[in-house]
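Ligands are counted one by one from 1 in listed order, and the atoms in each one are counted from 1 as well. Given the structure is predicted, the values throughout are model-derived calculations rather than measurements.
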Amino acid sequence: MKRTSVAPANIAFIKYWGKRDEALRIPTNNSFSMNLSGAYTTTTVDFSDEFKVDEVSIIDGEFSEAETWKVIAHLDRVRDAAKISDRARVETKNSFPKGTGIASSASGFAALTVAAASAAGLKLSEKELSILARLGSGSACRSIPDGFVEWVAGSTNENSFAYSVYPHEYWDLRDIVAVVSEGAKSVTSTGGMQDVRTSPLWEQRLSEIPARIEQMKRAFKEKNFTMLGELIEADCLSMHAVMQSQAPPLQYWTDATKRLMDTVRDMRASGIPAYFTIDAGPNVHVICEAASEEKVIQSMSAISDVRSIIVNKPAPGAHLISEHLF
Ligand code: PMV
């Protein structure tokens with residue numbers, strides 16, 4: 001059966017950095033994210049007994065051997081669950097160019113999970129899809145539910161999953177991404193996270209997260225943007241302090257990243273309510289409300305380090321569509 005799905009990337013407002021279980025990708029803390037409308041993956045999966053081997057390809061790009069094996073390992077999880085042995089043809093396409101530093105693993109594994117599970121004839125709940133996506137790539141579990149999402153860390157395969165805290169229509173926020181580097185990142189998040197316990201700041205960070213998530217839920221309930229933005233920036237700086245104090249230290253910021261962080265602070269000083277967050281790479285995500293979108297884009301376009309800008313609204317989670325890629 002042939003099935004196609006679309007899944008958004010997501011940006012974490014409260015970050016996950018550190019795993020309790022590497023193989024099962026169970027994190028050490030809960031995290032909270034928003035699905036992104038402008039950065040998504042479309043994937044078609046077809047299982048057939050006529051295929052001799054799994055064939056995996058990406059439109060407008062190339063998979064490395066390691067990436068191909070990760071996809072095949074995920075197909076095996078789906079085959080095991082569905083008790084089938086058919087090989088698959090998989091084709092995938094990103095809305096954003098590969099190598100912009102916009103993580104494609106979350107949208108990629110969420111899209112693959114939804115298309116492959118359905119193509120294999122599995123009828124999984126949202127929670128089960130989130131668990132399966134997590135096994136492919138941790139943050140992919142957050143791209144399954146709608147809108148604003150919490151990933152409950154849990155402690156076993158069955159209780160580590162994401163759910164929608166609010167639907168995407170709830171709050172008209174923006175994540176305006178300033179793409180500053182088109183080079184592939186030096187240390188992957190999976191690799192970098194393995195040394196998290198060497199940071200003397202890590203336990204402190206872990207102890208602060210439950211309260212930060214509670215406060216974030218209050219900011220959402222009250223739609224208090226200042227409170228939300230301050231929490232987003234505080235958590236980003238806390239995660240990067242851990243990264244930078246690990247052994248060996250991880251420095252994902254470039255000079256351009258730091259200039260953009262200053263630009264966001266300047267925006268606030270001039271009355272534009274905007275806050276930054278940064279993942280395991282140099283690009284800067286600027287979070288604001290819809291009313292500030294134009295002003296934020298204007299300020300960011302004036303910075304010469306910015307190669308392109310991706311405007312994201314809150315988006316629904318991964319879902320099937322009827323048009324196929326092949
Ligand atoms: O899903 P992974 O294993 O690629 O890790 C993502 C880690 C961060 O992007 C740095 C933080 C997060 O919660 O998204």
Side-chain angles (χ1 to χ4, degrees), residues 7-36 39 41 64 66-67 70-71 73-74 94 96 98 100-113 130-145 148-154 160-162 165 175 177 184-196 199 202 205-206 208-209 212-213 216 231-244 246 250-253 257 276-285 287 312 318:
N10 66 74
I11 180 68
F13 291 168
I14 305 285
K15 313 284 191 187
Y16 118 78
W17 191 253
K19 289 193 190 86
R20 178 200 284 258
D21 186 314
E22 289 290 333
L24 292 176
R25 296 180 190 277
I26 297 173
T28 48
N29 62 269
N30 291 20
S31 53
F32 192 107
S33 60
M34 174 179 116
N35 287 336
L36 305 179
T41 301
S64 67
E67 286 168 331
K70 274 185 81 177
V71 171
H74 206 57
N94 290 328
F96 45 96
K98 204 171 147 72
T100 49
I102 304 295
S104 51
S105 64
S107 56
F109 276 96
L112 178 66
T113 299
S130 178
I131 289 169
L132 187 54
R134 190 200 77 232
L135 295 169
S137 174
S139 58
C141 75
R142 295 192 309 235
S143 290
I144 299 286
F148 302 98
V149 171
E150 181 177 14
W151 175 6
V152 181
S160 183
F161 65 95
V165 181
D175 170 14
V177 189
K185 57 186 172 187
S186 44
V187 180
T188 62
S189 34
T190 303
M193 250 182 241
Q194 283 167 1
D195 297 322
V196 69
S199 164
W202 178 61
R205 166 170 170 72
L206 275 190
E208 289 167 0
I209 286 181
R212 210 177 278 140
I213 289 192
M216 183 158 288
L231 289 164
I232 289 173
E233 250 185 47
D235 191 71
C236 163
L237 293 171
S238 150
M239 178 182 75
H240 284 271
V242 169
M243 290 167 159
Q244 289 163 13
Q246 290 182 196
L250 284 173
Q251 174 60 275
Y252 287 108
W253 302 345
T257 310
F276 61 77
T277 187
I278 302 154
D279 280 340
N283 296 330
V284 177
H285 295 246
I287 311 298
N312 295 287

Quiz item: Which is closest to atom 12 (C) of ligand 1 by heavy-atom distance: Arg142, Arg25, Met243, Met239?
Solution: Arg142
Below 4.0 angstrom from a heavy atom of [X], which ligand 1 atoms are there? Numbered from 1 as shown, please.
{"X": "Met193", "result": "3 (O), 5 (O), 7 (C)"}
{"X": "Ser139", "result": "1 (O), 2 (P)"}
{"X": "Lys15", "result": "13 (O)"}
{"X": "Ala12", "result": "12 (C), 13 (O), 14 (O)"}
{"X": "Asp279", "result": "9 (O)"}

Quiz item: What orientation do Tyr252 and His240 show, parallel under 30°, tilted 30 to 60°, or perpendicular over 60°?
Solution: perpendicular
Practice problem: Give me the ring orientation class for Phe148 and Phe13: parallel if the planes are under 30° apart, tilted from 30 to 60°, perpendicular past 60°. | Solution: tilted
Quiz item: Do Asp235 and Arg212 meet the salt-bridge criterion of a basic N to acidic O distance under 4.0 Å?
Solution: yes
Self-check item: Centroid-centroid under 6.0 Å between His74 and Phe109 rings
Solution: yes
Quiz item: Does the separation of the ring centres of Trp151 and Phe161 fall below 6.0 angstrom?
Solution: no
Self-check item: Spacing of CD1 belonging to Ile213 relative to OG belonging to Ser31, to within rounding of 0.5 Å
Solution: 6.5 Å
Quiz item: Do any nitrogen or oxygen atoms of Ser189 lie less than 3.5 angstrom from nitrogen or oxygen atoms of ligand 1?
Solution: yes
